[in-house]
Chemist: 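Once you've had a glance at the structure underneath, I'll fire off some questions.
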2 protein chains.
Amino acid sequence: MLMRDLVKAFKALSDDTRLRILNLLLERECCVCEVMQALDISQTRASRNLSVLHDAGFLKLRRDGLWSLYSIDSEGMKGSYSALVEAVRQGLDGNGLASRDKARLSTAERVGPGCVKRCKGEGDE
Amino acid sequence: MLMRDLVKAFKALSDDTRLRILNLLLERECCVCEVMQALDISQTRASRNLSVLHDAGFLKLRRDGLWSLYSIDSEGMKGSYSALVEAVRQGLDGNGLASRDKARLSTAERVGPGCVKRCKGEGDE
DNA sequence: ACCGTATATGCACATATTCGCAAGTGATGC
DNA sequence: GCATCACTTGCGAATATGTGCATATACGGT
């Protein structure tokens, strides 16, 4: 494996926001607006960080109409990558912020019209 | 585990030089000058990057006279960290650069006087 | 065709990272 | 004490990264 790819993978994981996103996706597939809702971050931020994880090879992208649905790419991931994801899962186990994110995800309405607007309006926490 | 620590660990691993260093230390304990010889990098660079890995919790430091001997801290590492190191080992398996580094390490003379000077003199590769 | 919605992207700016140089630290030996 | 050696650290410069704002793109419904 190229050193470059491995570095890219680690870079992708060395950010708060992206770790929280990965944690969320360990729960289930999400669209961008669900991520922004659960993490209470801007749309740009959600989109950009999702695409970093995607470029690094951790995520799978599936389009459905207007929505971009991201999920952890278990099959497509190169050998050692799944070990990294597993390390994240373990490392974040019991983490307060991570748990709250997940809680907010289940609370959040599933994809549907007005999703982005709803998120912008609600200064939730 | 704190998100901050996990991010720090990944940051530590998201750099060429540091991955090569870790690869080297998977072979055996090394002093700073051995690292600079094997990787053909400056002394500052070797020292700085070693200390980043150390701060992140991957390395153990042992002083012996003039020398700072770094090694992978298998016992001291937090749970998921060993999985990360293992992922690096696997990811770098068969990597050309990583192999050459290791080869140069065995070639390099063991710690001894003039080690730093020798390395600076030889524009080896 | 037009509008509204979900997502992507160009640009600008603030902050962080990496690294070389030069100077500092601490141990060893004369 | 003084010189030497392995290593560390402060500083400055080049580069990379993360983010918001505004704008672009792409799709579905009317």
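All chains are named by letter (A, B, ...) in the order of the sequence lines, taking the proteins before the strands, and each is independently numbered beginning at 1.
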Chemist: Without decimals, in angstroms, what is the distance between I41(A) CD1 and dA8(C) P?
Modeler: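 To the nearest whole Å, that distance equals 13 Å.
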Chemist: Roughly how many Å is it from CG in L59(A) to P in dT7(C), rounded to a whole number?
Modeler: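 Computing the L59(A):CG to dT7(C):P distance gives 14 Å.
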Chemist: Ignoring hydrogens and geometry beyond distance, is a side-chain donor-acceptor pair present between R45(B) and T17(B) at under 3.5 Å?
Modeler: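 Per modelled atom types, R45(B) and T17(B) side chains form a pair under 3.5 Å.
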Chemist: Taking only side-chain nitrogens and oxygens of S47(B), does any of them come within less than 4.0 Å of OP1 or OP2 of dA6(D)?
Modeler: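 It does not, given that no N or O in the side chain of S47(B) lies less than 4.0 Å from OP1 or OP2 of dA6(D).
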Chemist: Roughly how far, to the nearest 0.5 Å, is CG of L92(A) from CE of M1(B)?
Modeler: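 Here the interatomic distance stands at 9.0 Å.
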Chemist: Decide, yes or no, whether a salt bridge links E34(B) with R104(B) under the criterion of side-chain N to carboxylate O below 4.0 Å.
Modeler: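 Salt bridge absent between E34(B) and R104(B).
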Chemist: At under 4.0 Å, does any side-chain N or O of S42(A) touch on OP1 or OP2 of dG20(D)?
Modeler: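 So the side chain of S42(A) is within the cut-off, an N or O lying under 4.0 Å from OP1 or OP2 of dG20(D).
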Chemist: Looking at dT9(C), dT8(D), dT7(C), which one has an atom nearest to any side-chain atom of T44(A)?
Modeler: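 For T44(A), the side-chain atoms sit closest to dT9(C).
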Chemist: For a quick check, with a 4.0 angstrom heavy-atom cut-off, what is the B/S/- contact string for nucleotides 25-30 of chain D, read 5' to 3'?
Modeler: -BBS--
Chemist: For the residue pair S47(B) and V32(B), what are the closest heavy atoms and their distance?
Modeler: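 Shortest heavy-atom separation between S47(B) and V32(B) comes out as N-CG1, 4.0 Å.
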Chemist: Mapping N49(A) and S68(B) to their closest nucleotides on DNA chain D, which lands nearer the 5' end?
Modeler: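 Nearest-nucleotide comparison on DNA chain D picks S68(B).
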Chemist: Kindly list each side-chain donor-acceptor pair under 3.5 angstrom involving residues 51-59 of chain B, sequence neighbours excluded, with atom names and distances?
Modeler:
from: S51(B); atom 1: OG; to: R48(B); atom 2: O; distance (Å): 3.1

Chemist: Kindly indicate whether the side chain of Q43(B) and the base of dA6(D) share any N or O donor-acceptor pair separated by less than 3.5 Å?
Modeler: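 No, no donor-acceptor pair under 3.5 Å.
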Chemist: Measure from CZ on R63(B) to P on dA27(C) and round the result to the nearest Å.
Modeler: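 Rounded to whole Å, this separation is 9 Å.
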Chemist: For residues 66-89 of chain B, pull every pair meeting salt bridge (Lys or Arg N to Asp or Glu O under 4.0 Å), keeping only residues two or more places apart or in separate chains.
Modeler: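 Those involving residues 66-89 of chain B are D5(B)-K78(B), K60(B)-E75(B), E86(B)-R89(B).
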Chemist: Quick one: list whatever passes salt bridge (Lys or Arg N to Asp or Glu O under 4.0 Å) with K8(A), sequence neighbours left out.
Modeler: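 K8(A) satisfies salt bridge (Lys or Arg N to Asp or Glu O under 4.0 Å) with no residue once adjacent residues are dropped.
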Chemist: Without decimals, in angstroms, what is the distance between R45(A) CZ and dC21(D) P?
Modeler: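 One finds 12 Å between P of dC21(D) and CZ of R45(A), rounded.
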Chemist: Among dG10(C), dT8(D), dT7(C), which nucleotide sits nearest the side chain of R48(A)?
Modeler: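 Closest of the options to the side chain of R48(A): dG10(C).
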Chemist: Quick one: is dA6(C) close enough that its OP1 or OP2 comes under 4.0 Å of any side-chain N or O from Y70(A)?
Modeler: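 Answer is no, no contact under 4.0 Å.
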Chemist: Starting at atom CG of L61(B), determine the distance to atom P of dA6(D), rounded to an integer number of angstrom.
Modeler: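 About 17 Å, once rounded to whole Å.
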Chemist: Report the C-alpha distance between V85(A) and L26(A) in whole Å, list the side-chain angles of each, state the deciding distance to 0.1 Å, and finish with yes or no for side-chain contact (heavy atoms from CB on, under 4.5 Å).
Modeler: CA-CA 9 Å; V85(A) 175; L26(A) 279 168; 3.9 Å; yes
Chemist: Ignoring the backbone of V32(A), work out which of dC7(D), dA8(C), dC19(C) is nearest its side chain.
Modeler: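 Given the options dC7(D), dA8(C), dC19(C), the side chain of V32(A) is closest to dA8(C).
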Chemist: So, using side-chain contact (heavy atoms from CB on, under 4.5 Å) as the criterion, who are the partners of D93(A) when residues are at least two apart?
Modeler: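 Expected list: none.
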Chemist: Specify the separation, in whole Å, of atom NE2 of H54(B) and atom C1' of dT9(D).
Modeler: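 Computing the H54(B):NE2 to dT9(D):C1' distance gives 16 Å.
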Chemist: With a 4.0 Å heavy-atom cut-off, tell me which residues in residues 4-20 of chain A come close to DNA chain C, sorted by residue number.
Modeler: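 Hits under 4.0 Å, by residue number: none.
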Chemist: How close do M36(A) and S42(A) get, heavy atom to heavy atom, and via which atoms?
Modeler: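 Heavy atoms only, the tightest pair is CB-O, 4.2 Å.
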Chemist: What is the distance from CD of E34(A) to P of dT5(C), rounded to the nearest Å?
Modeler: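 Going from CD in E34(A) over to P in dT5(C) covers 18 Å.
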Chemist: Rounded to whole Å, how long is the line connecting atom CG of L69(A) with atom C1' of dA6(C)?
Modeler: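 One finds 11 Å between C1' of dA6(C) and CG of L69(A), rounded.
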